[in-house]
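Since the structure comes first, as structure tokens, the remarks are kept for the end.
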Amino acid sequence: MPVPRQAEKLLHILNKTTTASLSQAHQAHAHLLKTGISSVPRHTTKLLSLYANHQCFSDAESLLNSFSGPDLFAFSTLIYAYTKFNEFKRTLKLFSEMFCDGLFPDAHILPSVIKACSGLSVLEIGKQVHGFGLTCGLTLDSFVESSLIHFYVKCNELVDAHKVFDNMVERDMVSWSALAAGYARKGDVVSAKKVFEEGKKLGFEPNSVSWNGMIAGFNQSGCFVDAVLMFHEMHLCGFKSDGTSISSVLPAIGDLRDLYIGIQVHGHVIKMGFGVDKCIVSALIDMYSKCECAPEISQVFEEMDLVDLGACNALISGLSRNGLVDKALNIFKEFQGQRMELNVVSWTSMIACCSQHGKDIEALELFRSMQVAGVKPNSVTIPCVLPACGNVAALTHGKAAHCFSLRREFFDDVYVGSAMIDMYANCGQIQIARCCFDRMPVRNVVSWNAMMGGYAMHGMAKEAIQIFHQMQQSGQKPDIVSFTSLLSACSQSGLTDEGHRYFESMSRDYGIEARVEHYACIVSLLGRAGKLEEAYSIIRKMSFEPDACVWGALLSSCRVHHNLSLGEVAAKKLFELEPHNPGNYILLSNIYASKGKWNEMDKVRNIMRGKGLRKNPGCSWIEVKYKVHMLLAGDKSLPQMAQIMNKLNELSMEMKKSGYLPHTGFVLQDVEEQEKEHILCGHSEKLAVVFGILNTNAGSPLRVIKNLRICGDCHAVIKFIATFEKREIYVRDTNRFHHFKDGECSCGDYWTSDPRTSLFESLNESTLSVELVTKDFLIPEHLASNYQLIC
DNA sequence: ATAGGGTTAG
């Protein structure tokens with residue numbers, strides 16, 4: 001074939017830079033090299049553009065490097081392409097390389113560069129680009145300026161956006177709508193509409209992009225009603241909604257829980273044939289899930305013809321939102337089985353779903369599998385997995401997530417930091433929690449509440465109060481949650497007067513109406529101080545129905561202070577509200593036991609048994625042994641010792657017959673209410689679990705307790721057990737070994753060198769949060785050498 | 001070869 005004809009064909013291919021296929025591009029490339037006309041930059045740039053349009057960026061870059069000298073046109077071509085395909089980091093990298101190559105960019109590529117800055121939200125770099133344009137005397141036309149307005153809007157710098165707008169010599173429709181959308185994003189409905197209308201008056205008719213920008217802007221600022229109204233107005237003005245406007249308005253409809261409008265829009269979607277649009281399908285699923293329409297979520301997904309990851313993710317999170325955790329997990333596994341390329345959003349949604357629904361171990365396992373699958377967690381994943389670490393006291397995992405966040409440089413993220421505080425507090429590491437808190441560059445109300453809640457959980461009321469005051473000095477207004485933490489801290493530390501004052505100032509000074517959880521705190525606060533009548537009168541003055549937590553707080557206090565009459569009132573309410581909660585029956589029978597009213601106590605126990613609630617007679621054992629303990633402690637108001645001892649024997653026979661071991665949970669009650677030892681961190685029910693497991697596991701040759709949840713300082717808790725039970729105990733928590741004997745204890749952290757504790761290597765093993773090993777029992781072989789060392 | 005709008009995870 002003669003060369004001229006081939007060259008002609010080649011040029012024809014190169015001219016079709018958007019439609020030519022990749023193989024044609026390769027052919028053309030080969031031909032350029034063969035014929036030597038690759039020295040003509042015009043052809044090479046065409047080829048470069050062809051590669052760029054096929055997103056063959058490595059080919060494009062190598063072509064760029066093959067130029068004999070720096071070529072402005074070639075650089076610009078690739079920069080446009082990078083921005084076009086959302087490869088913003090590459091855009092900026094190439095832009096800076098231009099300067100290194102001694103090239104001076106012209107104003108034409110600035111919009112692409114600025115758009116990349118918007119996409120990455122890199123304010124400082126964008127400002128530099130802007131400054132470069134101004135100082136180097138480039139002509140910033142309305143194209144450049146409009147992209148600058150959008151950039152500043154995106155970076156939440158509305159003032160700067162406005163400055164650019166004000167200085168414009170010639171404005172066009174894009175500049176007006178970009179500014180209006182900026183006001184919409186800020187939630188300034190009035191200004192947004194004003195600018196939008198002003199542009200219209202000057203003859204700049206909004207197009208669909210302008211309308212959609214407004215809808216998206218209102219959505220962003222939470223002005224959902226305005227977003228929906230804008231959508232409506234758009235139709236009134238004769239504009240037909242396109243895919244973008246529908247996928248923008250659907251989240252707003254979902255947040256408004258307006259199923260009526262949602263169904264109308266769904267109908268519109270079907271009528272207009274938008275059902276194939278990925279974003280719309282995802283948004284529809286999301287809308288139905290927010291409106292709590294579980295069947296419709298799956299229906300929309302199944303009716304969809306395409307397989308789209310976004311829609312799959314929306315499905316998973318939608319099912320999760322509606323509490324269908326197992327279904328979400330099954331579908332997730334199904335997707336995996338289909339070898340679908342799940343992304344970070346899919347994994348994060350699934351992790352969030354598990355950790356929000358009590359499936360902590362599953363969440364941790366997913367976090368590990370995610371990394372095995374090669375998907376990198378991001379700053380959203382971390383706050384989803386951390387609560388799971390905290391719940392099972394998996395400190396090692398939490399620390400690993402901490403290190404991971406530091407390495408990936410999203411530790412400054414306010415969500416990451418707040419979740420970290422919460423995790424450390426839950427794992428008993430209140431000091432580390434405080435360090436995380438102190439190092440946060442930006443805090444929000446969640447961060448402050450996390451710190452306060454941590455202190456409350458650890459019974460450190462003074463510190464919690466201090467944080468509360470610091471919070472206000474910093475200008476952060478407390479919210480409902482802040483007061484819950486504050487009041488519970490006061491309640492647990494017996495700061496009755498302070499707690500009462502905060503409770504009263506809540507609505508008076510802060511305009512926050514007390515909710516049921518605050519009433520539960522204040523009842524418990526007064527109750528602990530023995531002010532039972534006062535607590536009851538607060539309950540009676542409540543403007544809404546008290547719930548089980550409130551009555552439960554009263555009943556617990558009545559048990560502590562042996563107040564039978566109020567205890568019976570509270571118990572009666574509780575039996576109605578939670579007929580199947582054994583705790584209430586136990587509390588009441590406790591009070592009867594303390595008064596020596598054995599018949600009444602038996603009656604309550606029989607009701608409980610009648611309901612099939614708890615066959616373990618251990619609960620009665622607690623009551624009696626508790627009384628014995630009190631008697632020995634010198635409470636002479638109790639009935640006769642002999643009577644109690646008889647009952648005790650009777651019960652213990654009964655227990656043995658049923659094959660139960662004595663339950664030592666009563667110890668906690670003594671410590672918490674009487675000795676005011678806050679080593680137990682105010683979570684007696686969790687510690688009761690400790691004792692419960694201890695006893696139920698007593699028959700096993702190795703006392704290993706899996707997934708034991710200790711809230712607070714494990715060391716102190718076990719020390720307490722060792723002292724009380726007068727025995728030697730070895731304890732392994734996630735990273736330390738503790739040895740308790742005769743009130744003395746020694747710690748070793750050799751466990752950290754135990755390969756079993758290294759992250760993700762054997763997750764099933766390392767989810768053991770605490771292991772208790774008593775001396776009478778065998779030590780597993782592979783740990784024996786360590787054991788010798790310690791002994 | 002240039003600018004402005006969309007879904008799903010905390």
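Everything numeric here is computed off the predicted structure, so don't read it as measured data. Each chain gets a letter, A, B and so on, in the order the sequences are listed, and its residues count up from 1.
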Study note, to complete from the structure: note: A:Tyr152, atom OH; B:dG4, atom C1'; distance rounded to Å ~ 17 Å
Review point. Under a 4.0 Å N-O cut-off, is there an ion pair linking A:Lys359 with A:Asp326?
Key: yes
Study note, to complete from the structure: 5' to 3', nucleotides 5-10 of chain B under a 4.0 Å protein heavy-atom cut-off (B base, S sugar-phosphate only, - none) gives BBBBBB
Review point. For the pair made of CG in A:Leu78 and P in B:dA1, what is the distance, rounded to whole Å?
Key: 14 Å
**Study point:** Aromatic ring proximity, centroids under 6.0 angstrom, A:Trp347 and A:Phe367
**Key:** no
Check your understanding: Do we count A:Tyr80 as stacking onto B:dA1 if the rule is ring centres under 5.5 Å and planes under 30°?
Key -> no
Check your understanding: Tell me: CD1 of A:Ile109 to P of B:dA3, nearest whole Å?
Key -> 12 Å
Review point. Using a distance-only test with no angle check, is there a side-chain donor-acceptor pair under 3.5 angstrom linking A:His235 and A:Ser241?
Key: yes
Check your understanding: With sugar-phosphate meaning primed atoms plus P, OP1 and OP2, does A:Met350 contact a base, only sugar-phosphate, or nothing at under 4.0 Å between heavy atoms?
Key -> nothing
Review point. Roughly how many Å is it from CG in A:Leu94 to P in B:dA1, rounded to a whole number?
Key: 17 Å
Check your understanding: Hey, what's the ring geometry for A:Phe411 with A:His402, parallel, tilted or perpendicular (30° and 60° as the breaks)?
Key -> parallel
Point to revise | Distance in angstrom units between A:Trp211 CH2 and B:dG4 C1', rounded | key: 16 Å
Practice item. State plainly whether the residues A:Asp166 and A:Lys163 are in salt-bridge range, i.e. N to O under 4.0 Å. Key: no
Practice item. Answer with yes or no after comparing the ring centroid distance for A:His108 and A:Phe143 against a 6.0 Å cut-off, counting only values under it. Key: no
Review point. A:Leu72 has an atom CG; how far is it from atom P of B:dT2, in whole Å?
Key: 15 Å
